[in-house]
Amino acid sequence: MTDRNGNNNSNNNSNNNSNNNMPVRRMGSNSISEEGGVDEENGSVGSTQPPSGEETSSANTSEGGGTRRRRVPFVSRHRKALEYIRSDSIASRRHQVPHGAATVASETDELLDNNAERGSSNGSTNGEERVPPAKRPSQTMDSLMMHSTVLKNQFRKYANKQVDSLAKKKPSDWADTFFPFCTWFRHYDYKTTFVKDLIAGLTVGVMIIPQSMSYAKLAGLSVEYGLYSALMPVFAYSVFGSSRQLAVGPVALISLLLSTGIDNIMSSRGIDEEDPTYDKAYVQLAIQISFLVGITYIVMGLLRLGFVTIFLSHAVISGFTTGAAVIIGMSQVKYIFGYDVPRSNELHEMIHNILVNIDQFNWRTFIMGMLSVAFLLAFKTIGKTYPRLKIMRALGPLAVTTLSIVLTVTLNLNERGIPIVKYIPEGFPTVTVDLWFPISDLDQVFMFTISIVIVGFMESIAIAKSLASKHKYEIDSSVELIGLGMSNLIGSVFQSYPVTGSFSRSAVNHDSGAETGVSGMITGTLVAFVLLFLTPVFEKMPLNVLAAIVISGVIGLLDYEEAANLWKVHKFDFGVWCTACFGTMFLGVEMGLAIAVGVSLLIVIYESAYPHTSVLGRLPGTTVYRNVKQYPEAEKYEGIVLVRIDAPLFFANAQNVRDKIRKYRFQAEDELRANNNFEASIKYLVLELAPVSRVDTSALHVLTDMYQTYKSRGQQMIFVNPSLLVTQRMFNSGFMEMVGRQHFFTCLHDAVNWCLENMDQQAMSIYEGSNNGDTPNHGNGDSDDVDGDAAEPAKERLPVDESHF
């Protein structure tokens, strides 16, 4: 590298690192001396020089007896910082992540990798030897502009790609698309896999029979509708579903939502439980909602809207599920206590209604119900604790159901004040297509349908993806939507209410060794057998046992451990959890779901409107720039503010980013004044745009206003490493031409070097022009011309030595 006087000083960095003093650039033909001071004969400047801008003189007797004046040349703070960076960055020290969170690879290796990627376009294409990364020049903005046609043709290429992919599909590929079961059925091994599917299907079958009856009562329907919902939808999902282990059928949360929604709709229509048409209208609404849920799922799948559930944060889902579990459990208390309680969906009203009629308490039903809950929880605990006895988890409901039926028959419990199921019609469900239309109050029914769709898909896709990862295959959310849609649509043809994937039964299906959807077919076959031959047996089942099955099932949904963890890790997420949970418990399930969705959307909006930004500094011994809050040892330089924006720039957050940059500028100027005790200002605002994936026109207007404002104050904005899309939009809008392409860099370290070079030349110009090189200027040595065009001949950047990269 050459100095401003044309002399080579490429070796001056190797001799001036002692005593942690800043290395200074050689002036004229001077060389650096270890003794310090200035020797006129040798022209050396020592590392122990006085501060910049000061002179020393003394009597030095020559051979002729005269005296000569000893003088130190002017060296600006910016030149000292620049030379220090070039010397110190060769060390390539390793910096650990703060708080011992992880061990970071060598920053030097990171730089080499990054430079290799940036310079890959400079490699040979005709067998010529590649330019080594250490010698490869920085990529310019012009090279990025060469790829602007990619963006213009992006849609055309995407469309052509889709057409080509459709044309290349074979008949088997089309079969896999419309019937996902074909992906595993054509390779099905009957000798080994069928036995596993048989055991898993029977295990889930003995579990779903009592559960489906219980959940039907929770939904406000007769128990046979639970069995109908465990029949045809299970077969449909085995054919159209993408998960091979997911157990579809009635679940507690959907049953509660259905009960709440239909009650509200019936109330708005003026139909109460005393009305003779109440039961028929209730059943018709349940079937219509199942039909609408199926259609909605299918449309969402065709439009590939499987991403919608990502807007519900984990804290919101956990809080809502916990609140709903409390409401579900409290709704079953009336069967345990043995007397009728008016229906409600708000916790405080439920408690009030239970206490008002407490004088009707039935101790027989209470004891039998609580013993059933205890047995079910014991079976579940044993199955989880001891892997060899995991079958106990699935056998619990069947064992308690069988025992209760035997006791009812032998002891005539129904004649001793313990209510039983009574009548269950035999045979398969009838076709109910004629009940689909007409749909009264479609707007109200459809809004309620959307809530079931969101909760049902959220519950189903979570367990489906978890099981798919364990079995080493992929789940397509859109295909899963279509599978659930077909289950509900076909189910609505045969008297089914809305269904979705069950956490508990899917876990049992997986633990029992299920490999394919054949296990679901076997489960449906067992339910069909019960409907044909065993309905008289289940008519003797006590209602308090059904309630006990529901209560034991929802206890696992009480996610209080997650609340404690959120309190420990993130207080804000804990507040979100409490909002969703208590909103569901005290305002109702529908309002709780609305609050949960609203809070999730508010979080998304807040995170978008207030993106993370940070002030950067250089890690000593490297050319890596990191957040100064995370790395307090990172170095900042006078006159320069380095800011990284960690989000896309668009209309919602552009103003907030502008305010943050202004705040950082004020903070930097305050630090300058405090350290130097004179009026100082920031000359360069360097924005790291690598994390900014896109920028819209509103953000470009804000950037334009910022540039014009800072330019009028003698401050220059520098932009580093914008993406191809951001660069294209800046170019098309004219923003890049207004700022000047010389103020766009692909490397943050190059930008800092350029700024320091510029400020050094400005300082030297002021010093030499105003003082004739005799009297140092104790100012900051910076001029108002920050554009750098006057200081740099032919508007070219000074070359940057990348040998240490």
Side-chain angles (χ1 to χ4, degrees), residues 207-208 211-221 225-226 229-230 233 246-264 286 289-290 293 296-297 308-309 312-332 343-347 350 448-464 466 484 487-488 491 496-507 546-547 549-560 562 577 580-585 587-597 600:
M207 184 179 183
I208 198 176
Q211 275 192 351
S212 61
M213 297 169 64
S214 303
Y215 293 149
K217 294 293 292 183
L218 175 61
L221 297 165
Y225 289 98
S229 300
L246 187 68
V248 171
V251 297
L253 200 53
I254 299 300
S255 300
L256 176 64
L257 285 172
L258 184 71
S259 173
T260 303
I262 293 181
D263 282 344
N264 293 337
I289 290 171
S290 179
V293 167
T296 305
Y297 273 136
V308 294
T309 56
L312 294 176
S313 67
H314 179 71
V316 168
I317 295 172
S318 175
F320 170 74
T321 304
T322 301
V326 173
I327 298 298
I328 293 171
M330 293 298 294
S331 68
Q332 301 301 300
R343 183 179 296 180
S344 176
N345 295 309
E346 299 174 5
L347 182 61
M350 296 177 110
F448 167 65
T449 299
I450 293 299
S451 65
I452 291 182
V453 167
I454 293 174
V455 175
F457 182 63
M458 175 186 67
E459 184 173 355
S460 180
I461 196 64
I463 185 65
S466 175
L484 291 174
S487 298
N488 284 276
S496 168
Y497 73 89
V499 298
T500 190
S502 168
F503 277 102
S504 59
R505 294 194 298 272
S506 297
L546 289 176
I549 294 173
V550 174
I551 292 173
S552 65
V554 300
I555 285 178
L557 299 178
L558 298 174
D559 203 1
Y560 56 88
E562 179 63 19
W577 187 94
C581 178
F582 293 114
T584 302
M585 287 194 296
L587 299 178
V589 177
E590 285 186 319
M591 183 60 67
L593 179 60
I595 291 174
V597 174
S600 293

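Reckoned from all heavy atoms, side chains included, excluding hydrogens, waters and symmetry mates.
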Okay, side chain of [X], backbone of [Y]: is any donor-acceptor separation there less than 3.5 Å?
{"X": "Thr500", "Y": "Gly456", "answer": "yes"}
{"X": "Ser229", "Y": "Tyr225", "answer": "yes"}
{"X": "Ser506", "Y": "Phe503", "answer": "no"}
{"X": "Ser212", "Y": "Ile208", "answer": "yes"}

**OP:** Identify, with sequence neighbours excluded, every residue that meets ring-ring contact (aromatic ring centres under 6.0 Å, His included) alongside Tyr297.
**Re:**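 With neighbours one apart ignored, the set is empty.
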
[X] versus [Y], closest heavy-atom pair with distance:
{"X": "Pro250", "Y": "Arg505", "answer": "O-NH2, 2.8 Å"}
{"X": "Gly501", "Y": "Leu484", "answer": "N-CD2, 4.5 Å"}
{"X": "Val499", "Y": "Ser487", "answer": "CG2-CB, 4.5 Å"}
{"X": "Ser504", "Y": "Gln211", "answer": "OG-NE2, 4.0 Å"}
{"X": "Ile327", "Y": "Glu346", "answer": "CD1-C, 4.4 Å"}

**OP:** Report yes if some heavy atom in the side chain of Val455 is under 4.5 Å from a heavy atom in the side chain of Phe320; otherwise report no.
**Re:**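 Result yes, sub-4.5 Å side-chain heavy-atom pair found.
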
Original post:
Does a side-chain heavy-atom distance below 4.5 Å link Ser331 with Met350?
Top reply: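 Yes, close enough: below the 4.5 Å cut-off.
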
Check side chain to side chain contact (heavy atoms under 4.5 Å, CB included) between [X] and all other residues, then give those that pass, not counting sequence neighbours.
{"X": "Pro498", "value": "Ile254, Leu258, Ile289, Ser290, Val293, Ile452, Asn488"}
{"X": "Thr321", "value": "Ile317, Leu557"}
{"X": "Leu558", "value": "Thr322, Ala325, Val326, Tyr560"}
{"X": "Asp263", "value": "Ser259, Tyr278, Tyr282, Arg343"}

How long is the gap from [atom1] on [X] to [atom2] on [Y], to the nearest 0.5 Å?
{"X": "Thr584", "Y": "Leu256", "atom1": "OG1", "atom2": "CG", "result": "10.0 Å"}
{"X": "Ser502", "Y": "Met207", "atom1": "OG", "atom2": "CE", "result": "6.5 Å"}
{"X": "Asn345", "Y": "Ile328", "atom1": "CG", "atom2": "CD1", "result": "10.5 Å"}
{"X": "Phe448", "Y": "Leu257", "atom1": "CZ", "atom2": "CG", "result": "6.0 Å"}

Output a table of donor-acceptor pairs, distance under 3.5 Å, between side-chain atoms of residues 213-221 and any protein atom two or more places apart or on a different chain; print 'none' if there are none.
unit_1, atom_1, unit_2, atom_2, d
Ser214, OG, Pro210, O, 2.9
Ser214, OG, Leu546, O, 3.0

